[in-house]
4 protein chains.
Amino acid sequence: MVDKQGQGVVRGPGRPREERVTRAALDAVVALVAEQGMSAVTMDAVAERAGVSKPAIYRRWSGKQELIIAAAEAWIGELSVPDRGDFRAELHELLTARLESYRQPGVDRLLAGVIGASAEAGADRGAYGAYSARVMGETRRILERGIARGDVRADTDVRAVATMVAAPMVFRLVGELEPPDRHLVDAVVELVGRAVGA
Amino acid sequence: MVDKQGQGVVRGPGRPREERVTRAALDAVVALVAEQGMSAVTMDAVAERAGVSKPAIYRRWSGKQELIIAAAEAWIGELSVPDRGDFRAELHELLTARLESYRQPGVDRLLAGVIGASAEAGADRGAYGAYSARVMGETRRILERGIARGDVRADTDVRAVATMVAAPMVFRLVGELEPPDRHLVDAVVELVGRAVGA
Amino acid sequence: MVDKQGQGVVRGPGRPREERVTRAALDAVVALVAEQGMSAVTMDAVAERAGVSKPAIYRRWSGKQELIIAAAEAWIGELSVPDRGDFRAELHELLTARLESYRQPGVDRLLAGVIGASAEAGADRGAYGAYSARVMGETRRILERGIARGDVRADTDVRAVATMVAAPMVFRLVGELEPPDRHLVDAVVELVGRAVGA
Amino acid sequence: MVDKQGQGVVRGPGRPREERVTRAALDAVVALVAEQGMSAVTMDAVAERAGVSKPAIYRRWSGKQELIIAAAEAWIGELSVPDRGDFRAELHELLTARLESYRQPGVDRLLAGVIGASAEAGADRGAYGAYSARVMGETRRILERGIARGDVRADTDVRAVATMVAAPMVFRLVGELEPPDRHLVDAVVELVGRAVGA
DNA sequence: TATTAAGCGAGACGGTACGTCACGTCTTAGG
DNA sequence: CCTAAGACGTGACGTACCGTCTCGCTTAATA
């Protein structure tokens with residue numbers, strides 16, 4: 001989800017965009033969600049909280065949906081697990097990292113909001129899908145590395161297993177009363193290890 | 001999610017509610033979601049589409065959220081799997097039934113919308129949580145039956161396994177480009193069988 | 001300038017418009033103009049001052065221009081001079097009545113605002129033209145009555161003379177530092193009497 | 001309405017202003033009014049149409065009102081009638097000249113717009129008043145010359161008569177469906193001649 | 001059979017947020 | 001110091017939707 005203005009290395013004429021505005025807006029979204037829930041994420045409220053004007057926001061993102069998605073992405077951050085020589089350890093590391101990012105207050109609502117936004121008509125499925133794809137991608141990478149390495153069974157249905165690893169965290173976060181915890185991480189890794197370990 | 005008016009056997013004086021109105025409203029929600037996405041589900045739009053007045057709707061459900069949840073519940077229907085003597089077969093049956101209900105066009109958006117609605121401030125987590133709980137409940141029942149029967153390992157972490165079974169369907173439905181399919185069902189049952197089969 | 005809803009004797013179904021809202025909005029426009037000038041006549045300001053919602057205003061008038069025109073018409077009121085047997089006396093009466101209505105504080109700005117509104121693209125010339133036509137009409141009626149009666153020269157160019165009678169008041173009101181006064185009225189009647197009296 | 005920078009003979013250091021910019025801006029105002037009405041006269045629109053930047057405009061005029069007034073003045077031009085030995089002829093000449101300047105398409109809207117602008121809160125009445133004063137001044141001069149010369153009655157109320165001569169043109173231009181024409185000019189001169197001719 | 005309570009469609013109401021537009025200022029890079 | 005380009009804060013615009021209320025009517029159970 002890039003800004004409307006590409007804003008690469010070269011820059012056109014005219015006053016450049018202020019980075020401060022971009023950051024302030026995204027932070028404001030996060031703060032509002034965490035404190036008062038998604039319904040408090042009003043464009044006016046974001047503008048006021050960020051000390052920024054509405055037009056300045058609309059210059060960067062085409063609407064509320066895009067803003068929320070951008071905020072979610074910026075907040076949740078990157079996921080990447082290096083080769084540790086053992087797929088069980090790597091899965092554990094990935095899930096623990098995700099657990100960490102989900103522990104911030106309000107992520108559950110923000111994520112639910114993003115999922116909701118992806119239900120709109122014009123929404124590129126990418127709304128929540130982009131995040132989903134990123135999580136899936138890293139999970140698959142670990143499994144494929146394991147197959148290459150030999151500690152994951154060669155006949156493993158990588159996509160299905162990755163889904164079973166990736167999905168429970170979000171499922172618990174969004175749908176259940178208790179958020180995901182270390183216990184869930186341990187159990188998932190244990191079960192997957194048992195099912196596809198070589 | 002019951003009507004505001006209990007409307008049991010006994011009934012007060014005055015004109016009784018018309019069943020037609022209730023049905024028409026729920027159908028209108030579903031039709032609008034399927035055709036135009038969640039953002040088209042306006043109370044006015046539902047009223048017009050259903051050929052029903054707004055007060056008539058508000059007499060039955062306290063607001064938009066309740067109406068949407070009611071529509072989702074009515075649409076997705078009940079889940080229940082009888083004892084088949086084999087937990088693998090029963091899980092397969094349950095997932096296949098869910099697959100069926102998810103195949104109707106628009107469920108993905110309806111479900112995403114319900115999840116989004118649960119992110120609002122005042123929302124009882126139950127919005128989407130109620131559905132989630134039902135799915136989890138039936139899945140756990142199958143596993144527990146398996147433990148009792150002896151074809152599921154006695155040391156199984158039922159909750160974690162149930163999450164791994166239940167979550168992938170929704171994850172795919174909501175976040176991925178391709179909806180869940182038979183292949184996913186097979187893979188999930190196979191893997192779980194391998195991991196917790198006695 | 002009628003309400004969008006004809007609202008004659010018969011009434012359609014649904015909740016009827018509240019007269020209170022209509023009156024309050026028009027009064028608010030007048031009050032704002034008188035106290036702070038045309039630029040204070042914001043739709044938001046009118047709504048707040050009137051204790052009325054913006055949508056309620058837009059249900060009655062299609063925009064700011066229409067609202068201002070309606071307010072001006074309601075404020076300035078009707079003009080009508082009965083047959084007094086002498087066209088000089090009748091002209092004097094008409095001009096004095098107009099003088100009176102122009103004396104209310106803020107009319108000058110309101111009238112100027114209406115004229116300005118008639119310069120917009122989509123504006124029916126009627127914006128200010130409607131008022132202009134009413135004034136001209138009554139003035140012409142007096143002159144024509146005079147011709148029929150015989151105290152106005154039969155060869156009089158009624159339209160031109162009426163313009164010379166009607167225009168000065170507005171001209172002074174809108175363009176000059178001093179508003180029109182009794183002296184101007186006397187002078188106009190005297191001169192016209194001299195020029196077209198039989 | 002002079003430029004903000006006096007710009008007399010002596011000139012400070014730095015790059016001098018480009019005359020091209022000034023002319024282009026004024027022309028753009030006129031073109032926009034004529035083609036699309038006053039509401040199309042946006043500072044941005046003027047800048048774009050003139051091929052000029054907004055700051056360049058604000059360096060010359062303090063705001064929209066000033067710009068519009070400047071454009072109107074530049075467009076309508078000077079009025080001055082030399083002594084012809086007969087006040088009737090002179091009045092006729094003056095009104096005919098004004099008729100000419102009013103015939104350009106769009107003047108009606110431009111003038112109405114200027115009048116409207118004079119209704120704003122902070123506006124020096126001069127907005128339209130300046131033009132009004134100029135017209136009145138020249139008209140009065142003719143009448144006074146006539147009194148001195150002896151072909152206008154000595155007891156004439158110069159101000160009132162001048163108003164009756166000057167007002168009808170604007171009244172017709174702004175408020176009526178048909179703009180002023182030669183017929184109106186003839187009639188006004190004829191009537192005034194009859195009323196105040198010696 | 002008449003009464004009465006509650007249903008019904010229609011549509012206006014206050015409120016709140018939306019996304020847009022214009023104003024006048026400021027900031028950049030370049031003459 | 002000028003220029004064009006374009007972002008900025010401010011604030012109004014006109015629209016959409018929410019949930020409520022008022023209207024005149026219909027419908028059934030009760031008296």
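Here is the naming used below: chain letters follow the sequence lines, and residue numbers restart at 1 for every chain.
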Which nucleotide in the list E/dC13, E/dG7, F/dG9 gets nearest to the side chain of B/Arg17?
E/dG7
Going by side chain to side chain contact (heavy atoms under 4.5 Å, CB included), name the residues that satisfy it together with D/Glu35, two or more places apart in sequence or in a different chain.
D/Ala31, D/Arg49
Check: A/Lys64 side chain, A/Ala117 main-chain N or O, donor-acceptor pair, under 3.5 Å
no
What is the distance, rounded to the nearest whole Å, between atom CD1 of D/Ile68 and atom C1' of E/dC23?
12 Å
Distance check needed: E/dC23 P versus D/Glu66 CD, whole Å only.
15 Å
Considering only side-chain heavy atoms of A/Tyr58, which listed nucleotide, E/dG19, E/dG24, E/dA17, is closest?
E/dG19
A/Glu48 CD to F/dG11 C1': how many Å, rounded?
14 Å
Partner residues of B/Ala56 under the side chain to side chain contact (heavy atoms under 4.5 Å, CB included) criterion, sequence neighbours left out
B/Val21, B/Val52, B/Ser53, B/Arg59, B/Arg60
Length of the CD-P vector between A/Glu19 and F/dA7, whole Å
15 Å
Euclidean distance, atom CZ of residue A/Arg60 to atom C1' of E/dT20 [Å, nearest integer]
17 Å
Quick note, C/Met43 side chain, CB onward, closest among E/dG9, F/dC17, F/dG14 is F/dG14
Do you know which two heavy atoms are closest between D/Ala25 and D/Val46, and how far apart they sit?
O-CG1, 3.8 Å
If I take atom CD1 from residue B/Ile68 and atom CG from residue B/Leu111, how far apart are they, to the nearest 0.5 angstrom?
12.0 Å
Rounded to the nearest 0.5 Å, what separates atom CD in B/Glu48 from atom CE in B/Met43?
14.5 Å
Return the nearest nucleotide to the side chain of D/Ser53; candidates are F/dA5, F/dC2, F/dT10.
F/dA5
By nearest-nucleotide position on DNA chain F, the 5'-leaning member of B/Val41 and D/Val21 is D/Val21
Rounded to whole angstroms, how far apart are CZ on C/Arg20 and C1' on F/dC21?
13 Å
Identify, between D/Gly63 and A/Asp44, the residue whose nearest nucleotide on DNA chain E lies closer to the 5' end.
A/Asp44
What's the separation between atom CZ in B/Arg20 and atom CG in B/Asp27, rounded to the nearest 0.5 Å?
12.0 Å
In whole angstrom, give the distance that lies between atom CZ of A/Arg59 and atom P of F/dA5.
17 Å
How does protein contact run along nucleotides 26-31 of chain E, one letter per nucleotide 5' to 3', with B for base contact, S for sugar-phosphate only, - for none, heavy atoms under 4.0 Å?
BBBSBB
Whole angstrom value for the distance that separates P of E/dA17 from CD1 of A/Ile57:
14 Å
